[in-house]
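Shown next, in C-alpha cells, is the structure this report addresses.
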Amino acid sequence: MALATKYSPNEVESKWYQYWLEHKLFASKPDGREPYTVVIPPPNVTGVLHMGHVLNETIQDILVRHARMEGKNACWVPGTDHASIATEAKVIKRLKEQGINKSDLTREEFLKHAWAWTEEHGGIILKQLRQLGCSCDWDRTAFTMDEERSKAVISVFCDLYRKGLIYRGLRMVNWDPERQTALSDEEVIYHDEHSKFYYMKYMVAEEPGKYAVVATTRPETIMGDVAVCINPKEEKNQWLKGKHLIVPIVGRVVPVIEDRYVEIGFGTGCLKVTPAHDANDYMLGQKYNLTTYDIFTPDAHIDLSGIEPEQQANCRKYQGMDRFDCRKQIAEDLIEAGLMDHVEDYDNKVGYSERTNVPIEPRLSLQWFIRMQHFADIALPPVMQDDIVFYPAKYKNTYRNWLENIKDWCISRQLWWGHRIPAYYDADLLKETGLENYPNDKIIVSETAPEGNYVQDEGALDTWFSSWLWPISLFNGIAEPNNEEINYYYPTADLVTGPDIIFFWVARMIMAGYEYQGKMPFKHVYFTGIVRDKLGRKMSKSLGNSPDPLDLIARYGADGVRMGILLSAPAGNDILYDDALCEQGRNFNNKIWNAFRLVKGWQVADTEQTEAAELAVAWFDAKLKEANVELSDLFSKYRLSEALMVVYKLFWDEFSGWYLEMVKPAYVNGEAQPIDRTTYEATLRFFDVLLKMLHPFIPFITEELWQALEERKPGESIMRENLKLDAPTEGEQAVLKNVEDIKLIVSGVRTVRAQKNIAPKECLTLQVVGANLNGTYRAAAMKMANLEDIVEVKEKDSNAQTFLVGTREYGIPMAGLIDAEAEIKKAEAEIERLEGFKAGIGKKLQNERFVQNAPAQVVEMERKKFADAESKIQALKESIAALKK
RNA sequence: GGGCAAUUAGCGCAGCUGGUUCAGAGCAUCUGCCUUACAAGCAGAGGGUCGGGGGUUCGAAUCCCUCAUUGCCCACCA
C-alpha cells in the first residue's frame with residue numbers, strides 16, 4: 001500500500017461524514033439501553049459558526065461520542081433559535097436596504113419577509129456543524145418557532161397565566177429606543193462612561209434671588225421634573241424644607257420633598273425627581289403621589305405634548321430633538337441663561353441594549369411579566385445540593401446570588417418576529433378604555449382565539465421564553481406529557497454552554513424543568529470559557545481577530561481544529577486561541593497516519609516472536625489498561641483537555657516512541673524483515689484500541705484508519721464500537737514499573753551518546769555494576785539502546801562513562817574517550833548535592849517531634865531516601881576512586 | 001459599593017483533604033541528527049526561592065491572615 005507521508009484530511013472528512021449520515025449512525029430511538037441525552041444550545045437561526053461555537057460543539061461532540069462508545073444510547077438533538085430581536089433587526093436592515101420601512105408593512109407582510117430571510121439564511125450554521133464532525137441526530141432538528149415548539153410556548157403562557165404567575169402591568173422597564181421594545185434586565189449591559197455632571201440652578205419660588213443647585217447627568221429630562229428631593233437630615237439643605245423651586249427653562253414650579261433615599265453628602269444633596277425617566281424617581285413619584293410627565297417618544301426624541309401649554313412654549317425649541325442633542329442644547333442654554341452653576345467630568349455607568357447597542361431609556365410601559373419568586377424557590381435548592389452539578393462549581397455562587405435577588409421577568413417585546421402573546425381584548429371595550437385602562441379581568445388568555453370581536457395583543461414573547469422549554473419541548477413534553485420520548489430522554493445528561501447565559505437560559509431551564517417535569521432538565525452543566533485571541537482579547541468582528549472556523553478546517557482539518565481548540569480549554573477557563581494549537585493537532589494526526597503506514601507496511605510471517613517484542617506486547621497491553629483507568633476518571637470530571645493529553649502522550653510517546661520501536665523488525669542487508677504474526681496481531685489490536693480512545697476527540701481520522709485496519713461491513717463504524725478494558729492486574733503493574741526502569745536505562749545510554757557524540761548506529765556495551773538484566777527486559781534494552789551486550793561487572797570500569805538509575809550504576813566503556821578530570825568533578829558536584837540532601841533528611845529524622853508525629857509511612861519514606869542517598873554517594877565515591885587509578 | 005475567582009518554567013496550564021508520582025506535563029527555546037513510518041520527525045538539554053509579607057505546623061505551592069495585581073458577576077448614588 002502506497003500512502004503519502006502527509007495526511008490530508010479534507011476528502012477523508014467529507015467522505016466519512018457522508019457515510020455516517022447515510023447509515024444513520026447518529027440516530028437514536030428509545031430502547032433498553034441507558035439514555036445519554038444532550039440538547040444543543042440552539043444557535044441563532046441566521047447565525048454563522050464562530051470560534052465560541054467550535055469550542056462548545058466540540059466539547060459536546062466529544063461527550064456524546066464518548067457516551068456512545070460506552071454503550072449508552074446517545075442522542076444529541078440539534079436545532080436553532082429564532083432569536084427574536086436579533087433576527088428582526090437583521091430583517092429590518094435588509095428591508096431598509098431595499099427601501100422598505102418596517103412601519104410601512106403590516107405584521108403579516110413583515111413576517112413573510114422574516115420567514116423568507118430565515119429560510120434563506122437559516123440552517124447554515126447547522127451545515128457548518130457537520131464539517132466540524134458533530135454527531136447530532138439530524139432527523140430531530142428543531143426550531144424554537146416551529147409548530148411543535150410554538151404550541152408548547154403558547155400552552156405554557158396560558159398555564160402560567162392561569163396559575164397567576166404571569167401578569168400584565170404598567171412598570172418602569174428597560175426600553176430600547178432603536179428597536180422600540182421593552183427588554184428584560186438581563187438584556188441590558190452596563191458600560192463605564194466618561195460623562196458630565198451638570199450642576200443647575202433651581203430658583204426658589206418663595207425667595208427671589210436665592211437658588212438651590214441640583215446636579216444631574218441628564219439635563220434633558222428637566223422637562224419631566226416634578227419635584228426636588230432632599231434628605232430631611234441633611235444640614236445644609238434644611239433651609240429648603242417646604243419651599244418650591246422653579247425648574248430652569250421649563251418654568252415649572254415644583255415642591256421640595258423629603259426622603260431618606262437621597263444620600264447625604266452626594267452631589268449637592270438635591271435630587272431632581274423625574275418619575276417618567278428613572279426607576280428610582282418613579283418610586284418617589286408613587287410614594288409622594290407626583291405627576292408623571294413622559295417627555296420622550298418611543299424612539300427617544302423630545303415630545304412635549306404631555307406637559308402644560310405654557311411650559312411647552314418655554315421649551316418649544318427642543319420639540320422633536322434627539323435626547324443627546326437635546327442634552328447638549330440644554331446645557332448650552334443653561335449656561336447662556338446663567339442657570340448653570342458649573343459642569344464636572346463624571347464617570348458613571350450607562351445601560352446599553354445587548355442587541356442594538358444603544359443606551360437604554362427607562363420607560364414606563366405596559367408589559368407582561370412573570371412572577372419569579374416562585375421559580376427561584378424551586379430552582380435554587382437543586383443546584384445548591386448538587387442534584388444538578390455545575391462545572392466549575394464557582395458558578396453556584398453566581399447562580400445563587402441571582403436567584404436570591406431575583407426580579408420579575410419582563411417577557412413581552414414590541415416585536416413581530418416571535419411567538420405572539422395569546423392575550424385577547426374585546427374590541428369594543430378596548431376602544432372605550434384604551435389599552436392601559438383595559439380591565440385585567442376582561443383579558444382572555446387562551447391557546448385559541450376566542451369567538452367574537454376580539455383583538456390579539458400586539459406583543460411577542462422574549463426569545464428566552466421559548467428557549468427555557470428547550471429540553472422539554474424537543475421531546476414534545478408540554479403538548480404530550482409522559483410520552484415515550486420525554487420519559488426516556490429526559491432529564492438530559494450534560495448541558496454545555498457559556499457562563500454568559502447562565503441567567504438567560506440555564507437558570508430558566510431549571511425553573512421550567514421543575515415546573516413542568518418536576519425534575520431537573522440536566523444533571524451536569526459544563527461551563528466553557530470564552531475564546532480569546534493569544535493576546536487575551538475577546539474575539540470580535542471589529543478587531544478582526546476572529547478566525548473563520550471553516551478556513552481553519554480547510555487548513556488543519558476538522559480533527560486538527562478540534563484538537564487545537566481543546567488543547568488548552570480546561571472547564572471555566574478562558575482559552576487563548578492560537579493557530580499553533582491547531583498545528584499541533586494537525587501534527588498529531590499526521591503522527592497517527594504515519595504510525596499506521598508503518599504497521600500496514602509490514603510483511604507478516606509465521607516466525608518466532610522476539611524477546612523484545614514479547615515484552616513490548618505484554619507491557620503495552622498493561623499500558624492501555626492503565627491509560628483507560630485514567631481516561632475514565634478524567635471524563636467523569638469533565639477534564640477533557642487533560643483526557644486528550646493522556647491519549648496524545650499515550651499514542652505519541654508510549655506507542656510510537658517505545659512500543660513500535662521495540663517491535664519494529666530489523667533490516668538485514670538493507671532488506672526489511674517480516675514481523676511475526678503474534679506481534680503483528682497484537683499491534684493491530686492495540687491500534688484498534690488507541691483509535692477508539694481517540695475517536696471522540698478526532699472522529700474523522702480514527703474512522704478512516706479503523707476502516708482500513710481490517711475488512712469492514714457496510715454500515716460498520718468505529719463510532720458504534722464499545723471500548724471496555726479492565727484495570728491492570730498486579731502483575732501488569734509490575735511490568736509497567738520495570739519497563740519504566742528500562743526506559744531510564746535506555747535514556748541514560750542515549751544521553752551518553754549525545755554527550756559523547758556517538759552515532760546511534762554504533763553498537764555499545766553496557767555494564768551493570770553488581771547485577772545484570774534478564775530475559776525480555778535485557779533484550780528490549782539492547783534493542784532500544786542499540787547495545788551489543790549487557791554485562792555484569794563487579795566494579796566500575798575506570799574507562800566507562802557512568803550514569804545512575806535509581807541506586808544502580810551503569811557504565812559504558814569508552815576506550816580513551818573519558819575525560820577523567822571532568823568526570824571526577826561532575827561526580828564530586830553530585831556528591832555535594834546529595835550530601836546536602838542527606839543532611840536535610842538526617843535533621844528531620846533526628847527531630848523527635850517529626851518521628852513521633854508524622855505517619856509511620858512518611859518516616860519510613862524519609863529513611864529510605866536517606867539510605868538511597870547514602871548508597872548513591874557510595875557509588876559515586878567508588879567511581880571517583882576508579883577514575884583516579 | 002458588594003461578591004467570586006485567579007496569581008506555579010518564555011506561554012497557556014495541572015498539582016484533590018499539608019509529607020516521593022512535589023516542584024510537573026504540553027507548547028515554545030537551545031544542541032545534535034534528512035537513522036528506510038513520520039523534519040508536521042528523532043535523540044538530548046536548559047529553564048521556576050510556586051505574586052509580596054506574616055502566621056499555624058516537626059513539615060506549606062497546598063491551611064490561616066494581610067497586601068498587591070488581574071479577571072468575572074451583581075448593585076438605583078442621581
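Here is how names work: the chains are called A, B, and so on, in the same order as the sequence lines, proteins then strands, and each is numbered from 1. Owing to the predicted nature of the structure, the values given are computational and were not obtained by experimental measurement.
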Item to check | Counter-base of rA75(B), judged by Watson-Crick or G-U geometry with both distances under 3.5 Å | outcome: none

Checklist outcome for this item: Answer for the Watson-Crick or wobble partner of rU7(B), both distances under 3.5 Å, is rA68(B)

Checklist entry - Looking for any heavy atom pair under 4.0 Å, which part of the strands does Tyr577(A) touch: base, sugar-phosphate only, or nothing? => result nothing

Checklist entry - Expressed in angstrom and rounded to an integer, what is the separation of Leu271(A) atom CG from rA78(B) atom P? => result 10 Å

Checklist entry - Does Tyr346(A) put a side-chain nitrogen or oxygen below 4.0 Å from OP1 or OP2 of rA78(B)? => result yes

Next on the checklist: Just the rounded figure in Å: distance from C1' of rA14(B) to CG of Leu644(A).
Outcome noted: 14 Å

Item to check | Separation of the P atoms in rU69(B) and rC63(B), to the nearest angstrom | outcome: 23 Å

Next on the checklist: Walk me through whether Leu694(A) and Ile592(A) qualify under side-chain contact (heavy atoms from CB on, under 4.5 Å).
Outcome noted: CA-CA 10 Å; Leu694(A) 286 163; Ile592(A) 301 170; 3.8 Å; yes

Checklist entry - Can you check the Phe850(A) CZ to rG59(B) P distance for me, whole Å? => result 11 Å

Checklist outcome for this item: Between Lys6(A) and Tyr261(A), the residue closer to the 5' end of RNA chain B by nearest nucleotide is Lys6(A)

Checklist entry - Do the ring planes of Phe527(A) and Tyr395(A) sit parallel (below 30°), tilted (30 to 60°) or perpendicular (above 60°)? => result tilted

Item to check | Distance, rounded to the nearest Å, where Asn397(A) contributes CG and rC4(B) contributes P | outcome: 7 Å

Item to check | Audit row: Gln286(A), Tyr282(A), side chain to side chain donor-acceptor pair (under 3.5 Å) steps and yes/no | outcome: CA-CA 6 Å; Gln286(A) 294 271 299; Tyr282(A) 180 68; 3.2 Å; yes

Item to check | Same-atom distance (P) from rU17(B) to rG55(B), integer angstrom | outcome: 24 Å

Next on the checklist: Under 4.0 Å, counting only non-hydrogen atoms across every strand here, what does Phe503(A) touch: a base, just sugar-phosphate, or nothing?
Outcome noted: sugar-phosphate

Checklist entry - Rounded to the Å, how far apart are Phe527(A) CZ and rA5(B) P? => result 15 Å

Next on the checklist: Distance check, P atoms only: rA75(B) and rA14(B), in whole angstrom units.
Outcome noted: 29 Å

Checklist entry - Would Glu862(A) and Phe850(A) satisfy side-chain contact (heavy atoms from CB on, under 4.5 Å), going step by step from the backbone distance to the final call? => result CA-CA 11 Å; Glu862(A) 295 297 315; Phe850(A) 169 72; 3.7 Å; yes

Next on the checklist: Over 60° means perpendicular and under 30° means parallel, so tell me whether Phe697(A) and Phe635(A) are parallel, tilted or perpendicular.
Outcome noted: tilted

Item to check | Asn594(A), nearest nucleotide to its side chain (from rC38(B), rG32(B), rA78(B)) | outcome: rC38(B)

Checklist entry - Which nucleotide, rC74(B), rC77(B), rA25(B), lies nearest any side-chain atom of Lys649(A)? => result rA25(B)

Checklist entry - Which part of the nucleic acid, if any, lies within contact of Asn590(A), taking any heavy atom under 4.0 Å across all strands shown: a base, the sugar-phosphate backbone alone, or nothing? => result base

Checklist outcome for this item: Any strand, both distances under 3.5 Å, Watson-Crick or G-U wobble: rA23(B) pairs with none

Next on the checklist: The side chain of Thr217(A) is closest to which nucleotide in this list: rG44(B), rC38(B), rA78(B)?
Outcome noted: rA78(B)

Checklist entry - For the side chain of Ser871(A) and the backbone of Asp868(A), is there at least one donor-acceptor N/O pair under 3.5 Å apart? => result yes

Item to check | For rC16(B), the Watson-Crick or wobble counterpart (both distances under 3.5 Å) | outcome: none

Checklist entry - Whole Å only: how far is the CD atom of Glu186(A) from the P atom of rA75(B)? => result 8 Å

Item to check | Geometric class of the Phe588(A)/Tyr648(A) ring pair [parallel <30°, tilted 30-60°, perpendicular >60°] | outcome: tilted

Checklist entry - Which value, in whole Å, describes the distance between the P atoms of nucleotides rA78(B) and rA6(B)? => result 32 Å

Checklist entry - Only one of Lys272(A), Arg323(A), Arg327(A) clears side chain to side chain donor-acceptor pair (under 3.5 Å) with Thr221(A); which? => result Lys272(A)

Checklist outcome for this item: When both distances are under 3.5 Å in a Watson-Crick or G-U wobble arrangement, the nucleotide paired with rG44(B) is rC30(B)

Checklist entry - Given rC27(B), is OP1 or OP2 found less than 4.0 Å from the side-chain N or O atoms of Tyr648(A)? => result yes

Checklist entry - Between rC38(B), rG26(B), rA75(B), which nucleotide has the shortest distance from any of its atoms to the side chain of Met645(A)? => result rG26(B)

Next on the checklist: For a quick check of understanding: with a heavy-atom distance under 4.0 Å over all strands, which category does Arg597(A) fall into, base, sugar-phosphate or nothing?
Outcome noted: sugar-phosphate

Checklist entry - What interatomic distance, in whole Å, is found between P of rU57(B) and the corresponding atom of rG52(B)? => result 23 Å

Next on the checklist: Once you apply a heavy-atom cut-off of 4.0 Å, does Val262(A) come out as touching a base, just sugar-phosphate, or nothing?
Outcome noted: base

Checklist entry - Across the strands shown, which category fits Trp652(A) at heavy-atom distances under 4.0 angstrom: base, sugar-phosphate, nothing? => result sugar-phosphate

Next on the checklist: Determine whether Arg597(A) and Asn594(A) satisfy the following criterion, side chain to side chain donor-acceptor pair (under 3.5 Å), listing intermediate values before the conclusion.
Outcome noted: CA-CA 5 Å; Arg597(A) 280 177 61 223; Asn594(A) 277 295; 2.4 Å; yes

Item to check | Nearest-neighbour nucleotide for the Arg532(A) side chain, rC72(B), rA5(B), rA40(B) considered | outcome: rC72(B)

Checklist entry - Would you say Arg753(A) reaches rU35(B)'s phosphate, i.e. side-chain N/O to OP1/OP2 under 4.0 Å? => result no

Checklist entry - Under 4.0 Å between a side-chain N or O of Asn401(A) and OP1 or OP2 of rC4(B)? => result no

Checklist entry - Is the phosphate of rG44(B), meaning OP1 or OP2, less than 4.0 Å from a side-chain N or O of Ser747(A)? => result yes

Checklist entry - Out of rA37(B), rA75(B), rA5(B), which nucleotide sits closest to the side chain of Lys407(A)? => result rA75(B)

Next on the checklist: What contact category does Arg218(A) fall into here, base, sugar-phosphate, or nothing, at under 4.0 angstrom with non-hydrogen atoms?
Outcome noted: nothing

Next on the checklist: Between the base of rA25(B) and the side chain of Glu642(A), is one N or O donor paired with an acceptor at under 3.5 angstrom?
Outcome noted: no

Next on the checklist: Categorize Lys664(A) for me: base, sugar-phosphate, or nothing, with a 4.0 angstrom heavy-atom threshold over every strand shown.
Outcome noted: base

Item to check | Whole-Å gap separating P (rG12(B)) and CD (Gln584(A)) | outcome: 16 Å

Next on the checklist: From OH of Tyr638(A) over to P of rC16(B), roughly how many Å is that when rounded to an integer?
Outcome noted: 22 Å

Checklist outcome for this item: Of the listed rC38(B), rC4(B), rA40(B), the closest approach to the Lys591(A) side chain comes from rC38(B)

Checklist outcome for this item: Whichever of Ala595(A) and Arg750(A) has the more 5' nearest nucleotide on RNA chain B, that residue is Ala595(A)

